[in-house]
Amino acid sequence: MNIRMVDTITQYQKIKDEIDLELNKVFESGAYINGPIVKQFRNNLSQFLNGAHVVACANGTDALQVALMAAGVQPGDEVITTPFTFVATVEVVALLGAKPVFVDVDPQTFNIDPEKIEAAITPKTKAIVPVHLFGQCSDMESILSIAQKHGICVIEDAAQSIGAEFTFSDGRVEQSGTMGDMGTTSFYPSKNLGAFGDAGAIFSNNDELADKAQVICNHGSEVKYYHQSIGVNSRLDSMQAAVLDVKLRYLKEYNQARNEAADLYDSLLSDCDDVFVPYRAPYSTHVFHQYTLRIKAGRKARDLVQAKLNEMGVPSMIYYPVSLHLQGAYEEYGYQPGDFPVSEKLTEEVLSLPMHTELDESQQTFIINSLKQALTFSKTEKV
Ligand SMILES: *Cc1c(COP(=O)(O)O)cnc(C)c1O
């Protein structure tokens, strides 16, 4: 059985005609950068996001950096975020000369723990960047109310959560990435809405912030060759926009397929006491960018399980093996082991199983049977 962690190839083959047609239009048009398809995709995505502005850019890391720049983050400022995320979230804060201030995560959701945010706020705090990890929204209602109280900007890192919906206590339902002052996403090929290369976007319901982000992405220029601010070069090219515009038509279907795969994993694991399956928060839908288990027995067992799975032809990944406050690159901020115990514990327990839109029942049954065997093996191996 050929099991892939991510299967973008089969996904492409199913909509090949539509994608090839749109790509050929771009090839023939000569408008390789900023062609009409970029605008069309932005409009269609904006509609998907209930009208939020969409600024398209080169990748999800740029999207975060540009959003922080639009929010006015300056050297010396502090930005609160989670240590249990992909490095990009923290990297851009450091690149702007600001200090990443970590707040530990919730052990069930893997997302920033709102109850620990206020203790981390200082007069220098400029922004909070919650990451909707693995496809489920952070507790945005709590985060937004803390941010409002302290006059702090909220930038959602929605790189893994496009299409997830958050329900507020008054019944309002909002799209992930559109609740804070700004949101950012990535269209990296393996993301839920994946391009055939690098691509990203910034979302905002605030006209002024969306304008600023747009200008920053374009070398700080509104009128060609006139620059009122220092910007960057971050563009979405027409070919990526063409692919994304087709795939956007299927995003709901894709997220539904991921949910069905997650439900099946859950039920196949219902008799397994050695793992925690992903928690589903009552306030958010999940789009299962990853299906991430916690192996209760911890690092040694987890690593053995992964090695055994690999032998049996089942790929798996550890997102993420090192909490960011303990990465060499961020040593200067002086964080120590033990500072964020939940995040540290998760790095020892997490294991992400294959998750994509093309999984079938026989593959999933094979994956879970292999996992159960690997778990049994890890127990005998320990003594
Ligand atoms: C993928 C990802 C990014 C970065 O996106 P790129 O397009 O690879 O630059 C940022 N944050 C998170 C949480 C991600 O998963």
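Only heavy atoms go into these numbers, but all of them, side chains included; no hydrogens, no water, no symmetry mates. Counting starts at 1 for both ligands and their atoms, in listed order.
Side-chain N/O atoms of Asn255 and Tyr250 include no donor and acceptor closer than 3.5 Å.
Scanning the protein for heavy atoms near atom 9 (O) of ligand 1, the closest one is Thr61 OG1, 2.5 Å.
Residue-to-ligand polar distances place Ser186 within reach of ligand 1: an N/O pair is separated by less than 3.5 Å. When only interatomic distances are considered, the shortest N/O to N/O separation between Asp157 and ligand 1 falls below 3.5 Å. Considering backbone and side-chain atoms alike, Lys191 places an N or O below 3.5 Å from some N or O of ligand 1. Residue-to-ligand polar distances place Gln160 within reach of ligand 1: an N/O pair is separated by less than 3.5 Å. Residue Val131 places no N or O, backbone or side chain, under 3.5 Å from any N or O of ligand 1.
Looking at Asp245 and Arg42, no side-chain N of the basic residue comes within less than 4.0 Å of a carboxylate O on the acidic one, giving no salt bridge.
For ligand 1, the atoms lying closer than 4.0 Å to a non-hydrogen atom of Thr85 are 13 (C). Atoms of ligand 1 lying under 4.0 Å from any heavy atom of Ala159, numbered from 1 in the order shown and given with element: 2 (C), 3 (C), 10 (C), 11 (N), 12 (C), 14 (C), 15 (O). Atoms of ligand 1 found under 4.0 Å from any heavy atom of Asn59 (numbered from 1 in listed order, with element): 7 (O), 9 (O).
Under the side-chain contact (heavy atoms from CB on, under 4.5 Å) test applied with Leu269, the options Val275, Asp274, Leu264 reduce to a single match, Val275.
Side-chain atoms of Ser176 never come within 3.5 Å of backbone atoms of Glu165 as a donor-acceptor pair (strictly under, hydrogens ignored). Side chain of Ser343 to backbone of Phe340: no donor-acceptor contact under 3.5 angstrom is found.
Tyr333 does not carry Lys99 over the face of its six-membered ring by the limits of under 6.0 Å from the centre and within 45° of the normal.
You'll find the side chain of Val101 stays beyond 4.5 Å of the side chain of Thr125, heavy atoms only.
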